Amino acid sequence: KVLDFMPHRGGTRLSIVAGLDAYEDYAMLHESNGEIMKLTSSKRDKCADGVKLQKEKAEETHEEIIALKKEITELYKESLSEILKDSSKKYNVFFADGLDEVQSRNIVNDAVEKNRIVLCVMFAKNSEGYRFVAGKNDELTDDSLKNFAMVMREKINARGGGSEKMIQGSVSNDKEVI
């Protein structure tokens, strides 16, 4: 059985199996095709079409998820904007349990661009605590987020690091302790 071929030095290179190896290769492909038939509810000769359909559905779902995440991020930004409007604190912590790192970073960047603050967003809560992203407004030249990270390590057992402008990491404490 010819498994593969490719041009090579003016000729063609073949990858071939024969005898028991060819039988085992066919048996493996047959078993794999059977699994694909089950997973895609396809007929034996239509597995490729079934996989293409599943891939298209997955891409549509992925696009929907991205759109929903953007909407959720905008809602969190609006909520945070309302909170910051009534706050005079320079250092702020915002809890957003349902977000991921990219969404949290977007929220931090948006908030510190519009406000002279340091903002730490706690997100992705699990049984071990929170993940966090913190950023600061560029005009706050006297405030170092590296120092902020050190204080977080000492006070709430945070782990992580970053730059003077943005840090990220995790905290193994509850909301009340943070």
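Values below: every heavy atom of this structure, side chains too, minus hydrogens, waters and symmetry copies. Worth saying up front: this structure is predicted, and the values here are computed from it rather than measured. Counting from 1, the numbers follow the sequence of the chain as shown.
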Within-4.5 Å side-chain heavy-atom neighbours: I83 and S79: yes
Minimum side-chain heavy-atom gap L145-E164 below 4.5 Å: no
Heavy-atom side-chain contact between L75 and T73 under 4.5 Å: no
Ion pair E59/K55, N-O distance below 4.0 Å: yes
Test of ring centre spacing under 6.0 Å for Y91 and F148: yes
Expected output: side-chain N126 to main-chain E128 donor-acceptor under 3.5 Å: yes
Cluster overlap M166 with M122, hydrophobic side-chain contacts below 4.5 Å: no
Salt bridge flag under 4.0 Å for residues K77 and E74: yes
Cluster link F132 to I156, ILVMFWY, side chain under 4.5 Å: yes
Under 3.5 Å side-chain donor-acceptor pair for S172 and N157: yes
Atom of K1, atom of L29 and distance for their closest heavy-atom approach: NZ-CD1, 3.3 Å
Flag if over 12 foreign heavy atoms under 6.0 Å of OH, Y23: no
Distance in Å, N115 CG paired with K90 NZ, rounded so as to fall on 0.5 Å steps: 13.5 Å
Side-chain donor-acceptor contact under 3.5 Å, Q54 with T40: no
